[in-house]
Amino acid sequence: MTIKEVVKHPAKVLTTKTKEVEVINEEIIALLDDLYDTMIEHDGVGIAAPQIDVGLRVAIVEIGDERDILEMINPTVLETDGAEVDMEGCLSFPGLFGDVERPTYVRIEAADREGRIYELEAGGFDARAILHEIDHLDGVLFNDKITRTYTEEEIAAMYEEMEEEA
Ligand code: CO
């Protein structure tokens with residue numbers, strides 16, 4: 001388990017489609033653990049293997065009220081529905097925040113670290129985060145989907161408002 005350096009845009013690994021995992025072995029388990037340590041260190045809500053310079057179809061994301069860690073090995077999107085615009089950021093783009101339109105519902109299939117295939121439905125911000133990470137595995141980055149960028153001043157004002165409400 002290691003905290004890895006986060007690969008920043010522009011780096012070729014970030015725009016390269018990842019390879020499917022063929023065998024879930026110790027290497028893949030270690031990759032999942034490295035992704036976790038790196039995400040926590042950098043206060044992310046999700047991270048994909050290319051962001052730590054690994055070209056495999058593996059990503060993790062925090063979902064639900066308990067912020068459970070969802071491990072996705074070879075995820076595929078089975079179904080999406082709805083559309084909503086909301087703000088996103090990305091560990092590979094420090095300081096960049098922008099509005100991105102995403103489906104409000106997603107159903108995926110993926111494998112966990114035990115090799116069990118699971119299906120999962122998610123909505124709202126969870127669906128957004130899952131789809132952001134699966135995009136990474138296809139070499140697709142959120143900056144290409146941004147319809148409105150936020151300035152640092154706007155971000156600072158938003159955080160202030162959030163703190164006042166809390
Ligand atoms: Co990202």
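Start at 1 and go down the list; that is how both ligands and their atoms are numbered.
Residues Phe142 and Leu91 are members of separate hydrophobic clusters, defined by side-chain heavy-atom contacts under 4.5 angstrom among Ile, Leu, Val, Met, Phe, Trp and Tyr.
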Run the side-chain contact (heavy atoms from CB on, under 4.5 Å) test on Glu62 and Ile40 for me, step by step, so that the C-alpha distance in whole Å, both residues' side-chain angles and the decisive distance to 0.1 Å come before the verdict. CA-CA 10 Å; Glu62 283 186 351; Ile40 295 300; 4.1 Å; yes
Taking distance alone, no hydrogens or angles, what donor-acceptor pairs closer than 3.5 Å link side-chain atoms of residues 157-166 to residues at least two apart or in another chain?
none

Would you tabulate the side-chain donor-acceptor contacts of residues 43-56 under 3.5 Å, counting partners in other chains and residues two or more places apart, or write 'none'?
residue	atom	partner	partner atom	Å
Gln51	OE1	Ala48	N	2.9
Gln51	NE2	Ser92	OG	3.0

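Near-neighbour remark for the Co ion (ligand 1): protein N, O or S atoms under 2.8 Å are Cys90 SG, His132 NE2, His136 NE2; waters not counted.
Sorted pairs that involve residues 94-124 and meet ring pair (Phe, Tyr, Trp, His ring centres under 6.0 Å), not counting sequence neighbours, are lacking altogether.
Listed here is the closest heavy atom pair of Ile24 and Arg113: CG2-O, 3.4 Å.
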